[in-house]
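Take a look at the structure below.
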There are 2 protein chains.
Amino acid sequence: MTYDAGMTTTERPTLTRDRVIDAAVAYADEFGLESLSMRKLGAHLGVEAMSLYNHVDNKDDLYDGMIDAIFVDIEMPDAAGSWQEQIRSIGGAAMDTFAQHAWVVTLLMTRGNYGPGSLAFMDRTVGILFEAGFDEDAAHHAWQLLASHTMGYAFQVASRDSGTFTRDEEQLAAEFALVAPQFPHVARIGDAMMKCDFVDEYRYTFDIVIAGLEARLAAQR
Amino acid sequence: MTYDAGMTTTERPTLTRDRVIDAAVAYADEFGLESLSMRKLGAHLGVEAMSLYNHVDNKDDLYDGMIDAIFVDIEMPDAAGSWQEQIRSIGGAAMDTFAQHAWVVTLLMTRGNYGPGSLAFMDRTVGILFEAGFDEDAAHHAWQLLASHTMGYAFQVASRDSGTFTRDEEQLAAEFALVAPQFPHVARIGDAMMKCDFVDEYRYTFDIVIAGLEARLAAQR
DNA sequence: ACCTGAACACCGTTCAAGT
DNA sequence: ACCTGAACACCGTTCAAGT
């Protein structure tokens with residue numbers, strides 16, 4: 001993603017915006033979003049925290065950069081196959097990336113984002129809908145539905161996987177087992193919930209959403 | 001929600017866990033989640049921050065209490081009508097509450113929660129599915145789909161409405177207008193997106209999800 | 001132009017001391 | 001039993017000073 005143009009013979013390459021953001025992404029991947037601070041990121045880069053402010057406006061700007069870097073990383077499928085197949089594989093690619101960098105979901109959910117990376121992703125998706133014949137209104141509804149469906153599952157992935165999530169899996173299971181008797185219906189699906197793979201679950205229910213969109217497209221004609 | 005049992009003749013009622021949590025909820029409603037600190041909440045209650053620790057383990061515990069208080073507040077519909085109608089009105093009630101306290105979505109998304117309030121809510125919903133004839137497997141998938149769908153839209157509501165969201169609406173629209181020309185498909189639905197009511201949008205697409213669940217139920221038989 | 005050190009105004013939380 | 005004040009180990013960010 002970055003050209004490494006600043007690499008010199010000294011062991012510490014000069015700082016650039018991209019390098020700061022990439023380091024922040026790597027740091028969040030390794031240590032979790034909640035332990036990312038300007039001071040620690042600076043130390044990680046062998047620099048005082050205050051130097052970062054030469055390349056990034058403030059921490060919010062850093063967050064925006066991190067989100068965008070992740071969106072750029074989503075592997076876009078080539079434009080082959082039906083619109084249903086294309087939409088499905090775009091969604092799957094996004095979920096894979098979200099599962100890999102769970103912190104980005106938290107960031108996205110608390111901040112939102114309209115950087116070039118996320119907009120390019122969105123443009124590609126909406127373009128497929130237009131090509132399929134959706135009109136403005138239907139395309140808008142479809143995007144909203146697809147985004148909500150994807151973010152909903154991504155949230156569940158992030159809730160379980162992210163370092164931001166303050167309880168670990170065992171602790172969660174223990175808490176759950178303790179209270180389950182009071183909630184008989186929940187108890188019956190508790191086991192399935194605890195070992196549910198949300199990425200699989202997402203793909204499983206995707207067809208329902210696609211079917212809904214097909215019906216909407218047919219109704220429009 | 002609280003009995004006010006600690007009310008005395010003095011102007012400052014004695015602190016209780018419920019009172020601390022209720023005050024935190026009110027504070028987040030008024031000033032936003034990001035400006036809620038133990039020190040400010042203490043001051044708001046006419047007490048030093050450190051006093052709060054007599055009623056709450058730490059800030060995470062306070063957060064858990066706040067989430068649960070909101071779940072308890074969701075107005076549950078009475079058990080009349082088809083399962084489709086019941087599920088629909090439970091979802092609508094949850095969305096209304098989330099829209100009213102947008103910060104709770106952020107909290108839920110960054111922390112998760114299995115307190116008595118959220119479990120009771122979940123138990124009620126899953127109970128309706130069982131009563132409708134879903135088996136364990138189908139009920140689990142259905143819950144996951146409903147939860148994701150709801151949380152996905154709730155996230156969008158929260159992104160726009162919450163004080164946590166760092167940009168305001170005008171700023172967002174301005175940013176959007178600036179970059180839209182580069183993203184032609186997004187630009188076509190941009191207007192609809194900017195003035196979209198997510199709660200309406202949620203209800204609009206709910207039928208698609210219900211239809212999918214009906215098909216799943218039929219396939220099971 | 002970029003990096004630094006000290007400083008400012010905050011955090012959550014601990015702990016010994018008060019009543 | 002509950003509340004307090006001082007303290008500790010952190011934050012993000014500003015700003016004048018260095019090179």
Side-chain angles (χ1 to χ4, degrees), chain A residues 2 4-24 27-28 31-66 103 106-107 110-111 163-167, chain B residues 2 4-24 27-28 31-66 103 106-107 110-111 163-167:
Chain A
T2 170
D4 278 27
M7 202 50 132
T8 67
T9 51
T10 81
E11 57 175 305
R12 196 176 84 197
T14 64
L15 245 41
T16 61
R17 183 172 216 272
D18 276 348
R19 204 183 305 282
V20 169
I21 289 169
D22 286 354
Y27 194 98
F31 305 108
L33 184 66
E34 76 290 344
S35 76
L36 171 68
S37 74
M38 299 301 271
R39 285 168 150 95
K40 286 189 205 158
L41 181 59
H44 202 68
L45 283 161
V47 107
E48 295 300 312
M50 300 72 206
S51 305
L52 303 175
Y53 287 86
N54 286 309
H55 306 97
V56 143
D57 289 347
N58 47 40
K59 205 180 185 187
D60 280 347
D61 186 35
L62 177 64
Y63 283 148
D64 283 339
M66 292 169 73
W103 51 265
T106 306
L107 228 41
T110 50
R111 295 187 45 68
T164 317
F165 198 48
T166 35
R167 304 172 193 76
Chain B
T2 172
D4 278 26
M7 204 48 134
T8 68
T9 50
T10 82
E11 57 176 306
R12 195 176 84 196
T14 64
L15 245 40
T16 61
R17 183 171 217 274
D18 276 348
R19 203 182 308 281
V20 170
I21 288 169
D22 286 353
Y27 194 97
F31 304 109
L33 185 65
E34 76 290 344
S35 77
L36 172 68
S37 74
M38 299 302 270
R39 286 168 150 96
K40 287 189 205 157
L41 181 59
H44 202 69
L45 283 162
V47 107
E48 296 299 312
M50 299 70 205
S51 304
L52 303 175
Y53 286 86
N54 286 308
H55 305 98
V56 144
D57 289 346
N58 46 40
K59 205 180 185 187
D60 281 347
D61 187 36
L62 176 64
Y63 284 148
D64 283 339
M66 292 169 73
W103 51 264
T106 306
L107 228 41
T110 50
R111 295 188 44 71
T164 317
F165 199 48
T166 36
R167 305 172 192 75

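The sequence lines fix the lettering, A, B, ..., with proteins before strands; numbering per chain opens at 1.
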The side chain of [X] lies closest to which of these nucleotides: [options]?
{"X": "Ser51(B)", "options": "dC3(D), dC3(C), dG12(D)", "value": "dC3(D)"}
{"X": "Lys59(B)", "options": "dC3(D), dA7(C), dT13(C)", "value": "dT13(C)"}
{"X": "Tyr53(B)", "options": "dT13(D), dT14(C), dC2(C)", "value": "dT14(C)"}
{"X": "Asn58(B)", "options": "dT13(C), dG12(C), dC3(C)", "value": "dT13(C)"}
{"X": "His55(A)", "options": "dG5(D), dT13(D), dC3(C)", "value": "dC3(C)"}
{"X": "Met50(B)", "options": "dA6(D), dG12(D), dT14(D)", "value": "dA6(D)"}

In whole Å, I'd like the distance from the [atom1] atom of [X] to the [atom2] atom of [N].
{"X": "Leu41(A)", "N": "dC3(C)", "atom1": "CG", "atom2": "P", "value": "13 Å"}
{"X": "Leu52(A)", "N": "dT4(C)", "atom1": "CG", "atom2": "C1'", "value": "12 Å"}
{"X": "Arg39(A)", "N": "dC3(C)", "atom1": "CZ", "atom2": "C1'", "value": "16 Å"}
{"X": "Leu33(B)", "N": "dC11(C)", "atom1": "CG", "atom2": "C1'", "value": "14 Å"}
{"X": "Leu45(A)", "N": "dT4(C)", "atom1": "CG", "atom2": "P", "value": "11 Å"}
{"X": "Asp60(B)", "N": "dG12(C)", "atom1": "CG", "atom2": "C1'", "value": "10 Å"}
{"X": "Glu34(B)", "N": "dC11(C)", "atom1": "CD", "atom2": "P", "value": "12 Å"}
{"X": "Leu36(A)", "N": "dC10(D)", "atom1": "CG", "atom2": "C1'", "value": "15 Å"}

Euclidean distance, [Y] [atom2] relative to [X] [atom1], rounded to 0.5 Å:
{"X": "Tyr63(B)", "Y": "Arg111(B)", "atom1": "OH", "atom2": "CZ", "value": "8.0 Å"}
{"X": "Thr110(B)", "Y": "Leu107(A)", "atom1": "OG1", "atom2": "CG", "value": "11.5 Å"}
{"X": "Leu45(B)", "Y": "Asp22(B)", "atom1": "CG", "atom2": "CG", "value": "10.0 Å"}

Q) Under 4.0 Å between a side-chain N or O of Lys40(A) and OP1 or OP2 of dC11(D)? A) yes
Q: State the pairing partner of dG12(D); accept Watson-Crick or G-U wobble contacts with both distances under 3.5 Å, and report none otherwise.
A: dC8(C)
(Q) Suppose we define a pair by two distances each less than 3.5 Å, Watson-Crick or G-U wobble; what does dC2(D) pair with here? (A) dG18(C)
Q: Using the side-chain contact (heavy atoms from CB on, under 4.5 Å) rule, take Leu52(B) and Leu62(B) through it: C-alpha gap first, then chi angles, then the decisive distance, then the call.
A: CA-CA 10 Å; Leu52(B) 303 175; Leu62(B) 176 64; over 6 Å; no
Q | Single hit among Asp61(A), Ile21(A), Asp18(A), Val20(A) for side chain to side chain contact (heavy atoms under 4.5 Å, CB included) with His55(A) | A | Val20(A)
**Q.** Touch class at under 4.0 angstrom, heavy-atom based, for Met38(B) against every strand present
**A.** sugar-phosphate
Q) How would you label the contact of Ser37(A) with the nucleic acid (heavy atoms, under 4.0 Å): base, sugar-phosphate, or nothing? A) sugar-phosphate
